[in-house]
Amino acid sequence: MSDESEFLEHIPCESCGSSDANSLYSDGHQYCFACEAYVPAGEEAPTKQRRTKRMADFVSGAVTALGKRKITEETCRKFNYRVGDYSGQKVQIAEYRTPDGSEVVAQHIRFPNKDFIWQGDYKQGGLFGQHLWRDKGRMVVITEGEIDAMTISQLQDNKWPVVSIPSGAKSAEKSLKRSMEWLLGFDEIVLFLDNDEEGIAATEKCAPLFPPGRCKIARMADYKDANEALQAGRPKDIIDAVWGAKVYRPDGVINGAEMWDALTGDDEILDSAEYPWEGVNTITHGLRCGELVTITAGSGVGKSAVVREIAHFLLQNGERVGMLMLEESTKRTAKGLMGISMNKPIHLDLTPWAELDADERDLRKAAYDATVGCGRLYLYDHFGSTQVENLLNRIRYLAKGCGCKYIVLDHLSIVVSGLDDGDERKAIDVAMTKLRTLVQETGICLIMVSHLKRPSGDRGHEQGAETALSQLRGSHSIAQLSDMVIGLERNQQDEKTKDITTVRILKNRFSGETGIATHLLFDKLTGRLSECRPEFVREEEEDDTDNPF
């Protein structure tokens with residue numbers, strides 16, 4: 001049936017014998033509203049057409065305007081949407097035909113309480129209203145319900161193709177697949193499904209069915225569907241949604257032309273903090289939320305001491321910090337942070353609390369209040385549980401439940417060392433991928449400690465061998481997925497330099513700057529790591545009387 005055909009006159013029906021129920025249209029086709037016989041244009045009416053049993057079961061009704069829905073009689077006649085009686089109740093009747101319009105195959109019966117039943121088999125037909133339109137064109141709009149389809153059609157003078165899926169959002173994908181050949185005859189396919197959870201989910205399933213660039217998504221923020229907007233007196237919103245529909249793109253694909261507001265808004269200001277050492281900040285430009293920082297070194301070089309200094313510095317600057325220190329107890333971590341605040345390694349003092357003098361107690365209480373007891377530090381009491389999924393859940397909780405922007409994980413190797421299959425490389429790949437995804441999901445800065453494998457040659461990292469990305473233990477995924485990799489180097493056996501740690505930036509995705517950032521001097525009396533001049537290392541080898549400060 002052509003979208004441009006017009007009603008001419010009522011004529012007798014040769015199928016049922018009615019004197020005036022048959023209608024003749026300008027393109028030559030005929031349709032009887034009594035027996036629903038259809039005669040395509042160019043064909044002669046059959047002298048006799050028996051109504052099938054299925055047609056005898058169909059509900060009869062009259063075309064009339066739907067006042068509450070603001071749907072006119074003209075629109076209802078276009079779609080042959082009728083009102084009738086079923087089991088003593090007034091019902092609305094939506095008609096489904098074969099795609100060519102030659103036969104009614106189903107009726108969708110709507111009751112006053114919004115319940116629905118089917119008469120016939122809608123799967124044998126096309127989409128609701130499909131037979132009304134040409135097989136190709138510029139644009140077709142697909143809605144979730146018959147009334148929404150008639151709403152949009154009416155607002156466009158019933159001249160632009162609009163169809164509806166037969167049985168709600170859950171059937172959308174299968175229904176569109178059945179009519180795919182017809183739909184692909186249109187340059188643009190606009191999905192205008194309901195703006196609710198089911199409609200949005202159905203849109204995400206259906207949009208990828210169509211070739212890239214052909215499908216558009218229409219949405220109205222303030223209304224569930226088109227007819228709701230029409231009843232609210234907002235027809236313009238419906239038209240704007242149709243003609244302003246956006247080309248479907250899968251999640252994660254962004255058109256650069258839509259990024260100006262993001263680039264110039266407040267979100268462009270990075271949520272960041274500094275390291276405790278100027279040399280490291282100069283090359284790295286600080287710590288940033290949304291990044292994964294890996295700190296690596298050989299055994300005993302002082303990785304845990306470095307991350308404790310970083311955590312302490314963040315706490316002093318008002319940040320919320322989570323710490324998962326898997327090789328030490330929460331008491332050891334707490335004493336380490338308190339000792340940094342006191343400039344005294346109190347974890348080495350085994351004096352019972354009851355035997356400490358009042359001044360020492362006051363100092364420790366003040367250090368506790370400034371660090372562990374400040375309300376912004378969260379420690380993970382692991383009790384030996386280091387399963388990957390368990391740790392991921394704890395990190396997610398620290399981020400979302402506790403509001404921690406900066407989280408320390410010390411260290412990765414212990415997370416995967418206890419796995420049953422013994423494939424450490426694969427286990428690290430899996431763990432790193434999950435950690436990287438979690439950082440992106442939560443927006444935290446994850447400061448992670450990782451071990452190194454032994455370098456080639458006689459000199460190991462414990463003797464001050466230079467660190468490199470290729471020496472990260474187990475898998476190259478650590479280097480690939482980290483935003484920043486910081487190597488620590490210290491010769492533990494050299495009497496002159498055993499307390500000096502070289503900090504080397506091995507990877508810097510943010511600025512690309514790498515190389516030696518600074519040197520840290522460990523003071524045994526205070527337990528602190530303080531920045532010293534880079535040239536001090538070379539001078540120390542020649543003259544240990546030089547003052548590093």
Side-chain angles (χ1 to χ4, degrees), residues 268-298 301-319 321 340-341 343 405-410 439 443-450 452 461 464-472 478-491 497 499-523 526-541 546-549:
E268 176 61 9
I269 301 174
L270 293 176
D271 200 348
S272 60
E274 292 187 336
Y275 290 91
W277 309 289
E278 182 181 350
V280 178
N281 287 321
T282 299
I283 292 185
T284 65
H285 302 273
L287 289 157
R288 283 162 295 279
C289 289
E291 291 190 353
L292 194 162
V293 177
T294 296
I295 297 176
T296 188
V301 172
K303 301 181 291 296
S304 297
V306 167
V307 296
R308 276 196 293 267
E309 286 277 2
I310 294 173
H312 177 268
F313 188 77
L314 291 169
L315 289 170
Q316 298 310 297
N317 284 278
E319 302 292 352
V321 180
I340 292 173
S341 186
N343 285 318
K405 292 181 180 179
Y406 301 90
I407 297 178
V408 176
L409 172 60
D410 182 7
V439 167
I444 62 171
C445 175
L446 180 63
I447 304 164
M448 182 186 73
V449 173
S450 178
L452 292 168
H461 293 109
E466 186 175 310
T467 56
L469 289 177
S470 60
Q471 296 163 1
L472 284 162
I478 299 174
Q480 291 173 332
L481 297 176
S482 298
D483 296 284
M484 191 79 63
V485 180
I486 301 175
L488 307 177
E489 302 161 5
R490 180 165 68 92
N491 189 345
T497 62
D499 294 327
I500 298 171
T501 299
T502 299
V503 181
R504 187 185 302 275
I505 310 303
L506 302 175
K507 179 183 178 181
N508 182 351
R509 182 172 284 148
F510 184 72
S511 71
E513 300 166 79
T514 57
I516 295 176
T518 192
H519 295 83
L520 304 177
L521 177 65
F522 177 70
D523 188 330
T526 65
R528 300 296 304 276
L529 288 167
S530 303
E531 206 162 10
C532 61
R533 296 197 313 268
E535 63 269 20
F536 173 66
V537 178
R538 295 189 295 273
E539 293 174 358
E540 187 70 15
E541 294 176 354
D546 191 16
N547 186 345
F549 307 104

Keeping [X] on the side-chain end and [Y] on the backbone end, is there a donor-acceptor pair under 3.5 Å?
X: Lys303; Y: Gly298; answer: yes
X: Glu531; Y: Gly279; answer: yes
X: Arg490; Y: Asp499; answer: no
X: Lys507; Y: Ser482; answer: yes
X: Arg504; Y: Gly487; answer: no
X: Glu309; Y: Pro276; answer: no
X: Asp483; Y: Arg509; answer: no
X: Trp277; Y: Ala517; answer: no

Working to the nearest 0.5 Å, report the span between [atom1] of [X] and [atom2] of [Y].
X: Cys289; Y: Asp271; atom1: SG; atom2: CG; answer: 4.0 Å
X: Leu452; Y: Leu472; atom1: CG; atom2: CG; answer: 6.0 Å
X: Glu489; Y: Ile516; atom1: CD; atom2: CD1; answer: 6.5 Å
X: Leu521; Y: Thr497; atom1: CG; atom2: OG1; answer: 11.0 Å
X: His285; Y: Asn508; atom1: NE2; atom2: CG; answer: 6.5 Å
X: Glu274; Y: Leu314; atom1: CD; atom2: CG; answer: 10.5 Å

Margin query: Assess, by modelled atom type and distance only, whether the side chains of Ser304 and Asp410 contain a donor and an acceptor separated by less than 3.5 Å.
Written below: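 A pair is found: one side chain offers a donor N or O, the other an acceptor, under 3.5 Å apart.
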[Y] and [X], any side-chain heavy atoms less than 4.5 Å apart:
X: Leu506; Y: Thr296; answer: yes
X: Ile295; Y: Ile310; answer: yes
X: Asn343; Y: Arg528; answer: yes
X: His519; Y: Thr502; answer: yes
X: Val293; Y: Cys445; answer: yes
X: Ile486; Y: Val503; answer: yes

Which heavy atom of [X] sits nearest to which heavy atom of [Y], and what is that distance?
X: Phe313; Y: Tyr275; value: CE2-O, 3.5 Å
X: Ile283; Y: Gly515; value: CD1-O, 4.1 Å
X: Tyr406; Y: Leu287; value: CE2-CB, 4.0 Å
X: Ile500; Y: Cys532; value: CG2-SG, 4.5 Å
X: Met484; Y: Ile505; value: SD-CG2, 4.0 Å
X: Val439; Y: Ile444; value: CG1-O, 3.5 Å

Margin query: Looking at Gln316, I want to see if its CD is surrounded by more than 12 non-hydrogen atoms of other residues, nucleotides or ligands under 6.0 Å.
Written below: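 Yes - once you tally the heavy atoms of other residues, nucleotides and ligands closer than 6.0 Å, there are more than 12.
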